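All figures in this text were calculated on a predicted structure; none of them were measured in a lab.
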Amino acid sequence: MLIEMISYALSGFFMKLSDDGLDEQNQLLYSILMGILCAIFTGLAVYLSSDATCVFISILVGNFLALKIDSINHIITALVFLVILLIIGVHNYSILLLIICIIAAFIDEIGNDKADKNELNNDGNLSLIDKFFKYRFTLKVVIFILSILGLINIFIPNFIDSMYCFNPMTCIYFFLFEICYILAEIFSAKIYGMLSHIF
């Protein structure tokens, strides 16, 4: 449980640092290194959990379909992650849940793009639906629902086939992923500033 929490948290942290390293700090090398660390901890999460397999593969495929894997740091991160998957293999998982999560992740990315454009066109003012997509809530809602179904299944055995729900803790793990993603966004300038002074 603890290792899963750490792997989700560090995956989110290094994912955002990799994004900001190129987009905000213009530090390509460090951005690639952060992406590789992201891939390693994401791979660890997948190794530990079939739920993580659905979650993180859906994020990768959703970004690919939305044409968001569009820079060298993204490409290297994706390739390292895929190599890790080939080496460690993946747990048995529900194809249906994977497809649902991929659709949710894809919707989030398309909606996020539109929300960003609307924010620019409306002087920073966003509608409720734009705020929903700005913070990519579609996948969060799907993970929450699947985790609730998993919780119900604990108290009402065979309420639903266990292949069609998540472990209740998956919602908590993904919440940690999101918190660390936000923390990385807040502190990325300081972190990259420290890296520039050290190396």
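The neighbour count for N121 CG, taken as heavy atoms of other residues, nucleotides or ligands under 6.0 Å away, is above 12. Within a 6.0 Å radius of CG in D70, more than 12 heavy atoms belonging to other residues, nucleotides or ligands are found. Counting heavy-atom neighbours within 6.0 Å of I3 CD1, excluding the residue itself, gives a total of 12 or less.
F137 and K131 make their closest contact through CD1-O, 4.4 Å (heavy atoms, listed as atom of the first residue, atom of the second, distance). Nearest heavy-atom pair across L139 and F174 is CD2-CZ, 4.1 Å. Between C101 and C54, the shortest heavy-atom contact is CB-O, 4.0 Å. Looking at every heavy atom in both residues, A115 comes nearest to K134 through CB-N, 3.9 Å.
Side-chain contact, N167 with T170: no donor N or O sits under 3.5 Å from an acceptor N or O.
A cation-pi arrangement is absent between K190 and F187, since the terminal nitrogen or guanidinium carbon is not both under 6.0 Å from the aromatic centre and inside a 45° cone about the axis.
Checked against a 6.0 Å centroid threshold, the rings of Y8 and F177 do not count as neighbours. Between F41 and Y47, a ring centre-to-centre spacing not shorter than 6.0 Å is recorded.
Under the 4.0 Å criterion applied to side-chain N and carboxylate O atoms, R136 and E109 are assigned as salt-bridge partners.
Between I84 and I40, some side-chain heavy-atom pair lies under the 4.5 Å cut-off. By the 4.5 Å heavy-atom criterion applied to side chains, V90 and S50 are not counted as neighbours. In this structure, M169 and E4 have side chains that are not in contact, with every pair of non-hydrogen atoms separated by 4.5 Å or more. At least one side-chain heavy atom of F133 sits under 4.5 Å from a side-chain heavy atom of I107. Proximity of F13 to I191: side-chain heavy atoms (C-beta onward) are separated by under 4.5 Å at one or more points. Annotation: side chain of F132 is not in contact with side chain of K140 (no heavy-atom distance under 4.5 Å). Inter-residue side-chain proximity for V55 and F166 is flagged as met; some heavy-atom pair is nearer than 4.5 Å. Looking at F81 and V46, their side chains come closer than 4.5 Å, going by heavy atoms from C-beta outward.
Atom OG of residue S58 and atom CZ of residue F106 lie 13.0 Å apart, to the nearest 0.5 angstrom. Here the CD1 atom belonging to I110 is positioned 11.0 Å from the OG1 atom belonging to T138, to the nearest 0.5 angstrom. Summarising the geometry, atom CG belonging to L60 is positioned 10.0 Å from atom OG1 belonging to T77; distances are rounded to the nearest 0.5 Å. Atoms CG and CG, from L29 and N73 in turn, are 11.0 Å apart once rounded to the nearest 0.5 Å. Between the CZ atom of F14 and the SG atom of C38 there is a distance of 9.0 Å, given to the nearest 0.5 Å.
The residue from N63, D19, D113 that alone fulfils the side chain to side chain donor-acceptor pair (under 3.5 Å) condition with K68 is D113.
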